[in-house]
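Letters A, B, ... mirror the listed sequences (proteins, then strands); counts begin at 1.
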2 protein chains.
Amino acid sequence: MSPYDPSAFPPFGVTVDLVVLTVRRHALCALVVRRGEPPFQGRWALPGGFVRGDEDLAAAAARELAEETGLCAHDPASPASANGAHLEQLATYGDPQRDPRMRVVSVAHLVLAPDLPAPKAGGDAHGARWASVADLLGQEAGFGREGEQSGPLAFDHARILADGVERARSKIEYSSLATAFCPPEFTVGELRRVYEAVWGVALDPRNFHRKVTGTPGFLVPSGGTTTRQGGRPAQLFRAGGATVLNPPMLRPEV
Amino acid sequence: MSPYDPSAFPPFGVTVDLVVLTVRRHALCALVVRRGEPPFQGRWALPGGFVRGDEDLAAAAARELAEETGLCAHDPASPASANGAHLEQLATYGDPQRDPRMRVVSVAHLVLAPDLPAPKAGGDAHGARWASVADLLGQEAGFGREGEQSGPLAFDHARILADGVERARSKIEYSSLATAFCPPEFTVGELRRVYEAVWGVALDPRNFHRKVTGTPGFLVPSGGTTTRQGGRPAQLFRAGGATVLNPPMLRPEV
DNA sequence: TCAAAAGTGTTTCACATACACCCATGC
DNA sequence: GCATGGGTGTATGTGAAACACTTTTGA
C-alpha cells in the first residue's frame with residue numbers, strides 16, 4: 001500500500017482546541033467553557049471545535065477564538081489586525097481513547113491575550129469564564145480558595161493546558177511575547193507583573209527595568225505617562241519590532 | 001451545533017511525516033524516499049504514512065521509523081529501547097490544498113539519529129537515501145555540487161523539513177539532544193563536529209571542551225580512549241543523565 | 001621531527017545580581 | 001511628612017570569547 005493511498009485511511013475527526021491565556025489580578029488565567037452535553041457534561045473544558053473542510057488549521061483556531069472572545073488573532077504569518085492577540089500552534093493530541101465516542105485528533109493552539117473585560121458566552125459555549133491556571137491544574141493544595149470550584153478539565157485538556165502554560169513560560173524568556181499580555185500601551189511595571197504572574201516568581205524591579213529598556217527593539221516609548229494610585233508616574237511604552245530577545249530574560253531558579 | 005458533535009465532522013486523512021536527521025561526513029542530512037506514484041511521482045519526499053485507527057500519533061511515527069530505518073524510537077515518555085533515536089512531535093500541517101487529492105492533515109515528527117550505515121529501502125519506499133539538508137532546501141547556490149540532484153521535495157515537505165531543522169538547531173542549544181546524533185560512545189571532538197554541522201559554524205575546540213565537560217550530567221567518561229589518525233587519543237564519553245543544559249550552549253551570531 | 005588533534009591556563013569583557021540611592025506623585 | 005512605586009548608579013561574581021601553551025599520538 002502506498003503511504004498516501006487516499007482510499008485506505010481510517011475516519012478521523014480533526015478539531016482545534018485553544019489555550020487562551022491572560023493575566024488578571026496578578027494571576028495567570030485561562031479561558032474555559034462549560035460543556036453543555038455529554039461526555040463530561042457540566043465540566044469545564046478548553047474552547048474549541050471541528051475544523052471545517054476547506055479551512056486551514058490556523059484559520060479554524062482564529063475563528064473559534066473570535067467566536068468565544070471577539071478577539072482577532074494576530075498570526076505572525078498574516079498581517080496584523082486590530083486588537084490582535086498572539087496565536088501559535090501548540091501541539092497535536094491524538095490518543096485513540098481521548099474522546100470516548102470516536103477517534104478525534106486535536107490540534108491545540110496557544111493564544112496570549114491582554115486582560116479582557118469578560119468572556120462573552122456566545123457561540124457554542126453554554127458558559128465561559130477566566131479561571132486561574134493554578135486552580136485548574138490543582139497546583140495549589142487549596143488553602144481556602146474562594147471562587148468557583150472547577151473540578152478537573154474534560155478530556156485531556158489538563159494536559160493540553162499544562163503544555164500551553166509551559167510553552168508560554170519558556171517563550172517569554174527569549175522572545176518579546178510577554179507584551180502580548182499587555183494592552184497596546186503599558187508601563188514597565190505592568191510588563192514586570194506579567195512576567196511575575198506567568199513565572200510565579202518575584203523579580204527585582206530595578207534590574208528588570210534596566211534590562212527591558214536596554215534591549216534594543218523590545219520597547220519603544222509612546223511619549224505619555226500614567227498617573228497611578230500612589231507613586232511616581234510611569235512612562236508608557238509600546239511593543240517594539242523585536243521578536244527575539246538577545247540576551248534572554250532569565251527566569252530565576254526554582 | 002456542539003463543538004464535538006461526532007456526526008458532523010468532515011472526512012480527514014491523518015498521516016505522520018518524519019524529519020529524520022543525522023550528521024554524515026560533517027554535514028546535516030535528512031532521510032528522503034522516492035515517491036513511486038502520483039502525485040509528485042519520482043520526486044523525493046519525507047517518509048511517512050497514515051495513522052492507523054487504533055494507534056497513537058507517537059506510535060505511528062515510531063512504526064514508520066522502524067519500517068524505514070530499523071531504528072527503535074526512544075520516546076522520552078516511554079522507556080528507552082536499544083539503538084534508540086530521539087523522537088518528538090514537531091508540528092502539524094493542515095493546509096486544505098497540501099495534498100491535491102483529498103484533505104490530509106499531517107502530524108510531523110522529528111527524529112535525531114546517529115550516523116547509520118545506509119537506509120534500507122524496505123517498507124513503502126521505492127528508494128531511500130540520506131540527502132544533505134543544504135541541498136534539499138536549496139540554501140546552496142550550487143557551486144558544482146556532485147551527488148544526485150534532488151529537485152524540490154514533494155508536497156509541503158520542504159517547509160516541514162525547514163521547521164524540523166530549525167527545531168533541531170535551537171534544541172541543541174539548551175538540551176543535551178546533540179548526543180542523539182552520536183553513537184553510544186563518542187569523543188568531545190565528535191560532539192563538537194555535530195554542533196558545527198547542525199549550526200553550520202566553526203566552534204573553538206578549547207572552549208567547547210571546557211564547556212561540555214564542565215556541565216554536570218552532560219557527559220560521563222566511559223573510561224576508554226580512541227586512537228585516531230594523527231593526534232592525541234581522546235577520552236570516550238557517554239551521554240549523561242542531564243536533559244537540559246544550564247547554562248546553554250551559545251550559538252555564535254550569524 | 002613534524003603534523004594533528006586533545007586538553008589546560010589566563011586574560012578580558014559582557015552581563016546578571018544585589019542593593020544603595022534619588023525622583024515624583026497622592027494622601 | 002510619608003508611603004508608594006518609578007528609575008539610576010555601582011560593586012561583585014559568573015561565564016563566554018580569544019588565544020597562548022602543553023600533551024600525546026601517527027607518519
Handout entry: Polar side-chain atom of B:Asp156 near backbone of B:Arg159 as donor-acceptor pair, under 3.5 Å
Key = no

Practice task
Could you list all the side chain to side chain donor-acceptor pair (under 3.5 Å) pairs where at least one residue sits in residues 191-201 of chain B, not counting sequence neighbours?
Solution key: B:Arg192-B:Glu196

Exercise for the section: Please state whether the phosphate of C:dA6, meaning OP1 or OP2, lies under 4.0 angstrom from any side-chain nitrogen or oxygen of B:His209. Expected result: no

Exercise for the section: Please work out which residues in residues 189-198 of chain A have a non-hydrogen atom less than 4.0 Å from an atom of DNA chain D and list them by number. Expected result: A:Gly189, A:Arg192

Problem - Whole angstrom value for the distance that separates P of C:dA6 from CZ of B:Phe208 - result: 11 Å

Handout entry: Sidechain-backbone polar pair: B:Thr22 side chain, B:Ala113 backbone, donor-acceptor under 3.5 Å
Key = yes

Handout entry: Atom-to-atom span, CD of B:Gln235 to P of D:dT24 - whole angstrom
Key = 13 Å

Between the protein and nucleotides 15-18 of chain C, which nitrogen or oxygen pairs come in under 3.5 angstrom?
unit_1 : atom_1 : unit_2   : atom_2 : d
C:dA16 : OP1    : A:Lys211 : NZ     : 2.5
C:dA18 : N7     : A:Asn207 : OD1    : 3.4
C:dA18 : N7     : A:Asn207 : ND2    : 2.8
C:dA18 : N6     : A:Asn207 : OD1    : 3.1
C:dA18 : N6     : A:Arg210 : NH2    : 3.1

Show me the protein contacts with nucleotides 25-27 of chain C, counting only N or O atoms at under 3.5 Å.
unit_1 : atom_1 : unit_2   : atom_2 : d
C:dT25 : O2     : A:Gly231 : N      : 3.3

Completion exercise
Nearest heavy-atom contact between B:Val20 and B:Trp130 is O-CZ3, 3.6 Å

Handout entry: Non-hydrogen side-chain atoms of B:Glu64 and B:His109 separated by less than 4.5 Å
Key = no

Completion exercise
residues 174-188 of chain A vs salt bridge (charged side-chain N to carboxylate O under 4.0 Å, His left out), sequence neighbours excluded, gives A:Glu185-A:Arg238

Practice task
Report the distance from atom CG of B:Leu203 to atom P of C:dG7, rounded to the nearest whole Å.
Solution key: 16 Å

Exercise for the section: Please check if the side chain of B:Lys211 supplies one atom and the backbone of B:Pro248 the other of a donor-acceptor pair under 3.5 Å. Expected result: yes

Practice task
For B:Ala168 and B:Leu112, work out which heavy atoms get closest and say how close.
Solution key: CB-CD2, 4.2 Å

Exercise for the section: Compare all side-chain heavy atoms of A:Thr179 with those of A:Phe218 and state whether any distance is below 4.5 angstrom. Expected result: yes

Problem - B:Leu31 vs B:Leu18 side-chain heavy atoms within contact, under 4.5 Å - result: no

Problem - Difference in axis direction between the ends of the helix from C:dT1-D:dA27 to C:dC27-D:dG1, five pairs, 10° - result: 10°

Handout entry: side-chain contact (heavy atoms from CB on, under 4.5 Å) partner of B:Val188, the single match among B:Gln235, B:Arg210, B:His209
Key = B:His209

Practice task
For the residue pair B:Leu161 and B:Leu21, establish whether any side-chain heavy-atom pair is separated by less than 4.5 Å.
Solution key: yes

Problem - Modelled atom types, side-chain donor and acceptor of B:Tyr93 and B:Asp163, under 3.5 Å - result: yes

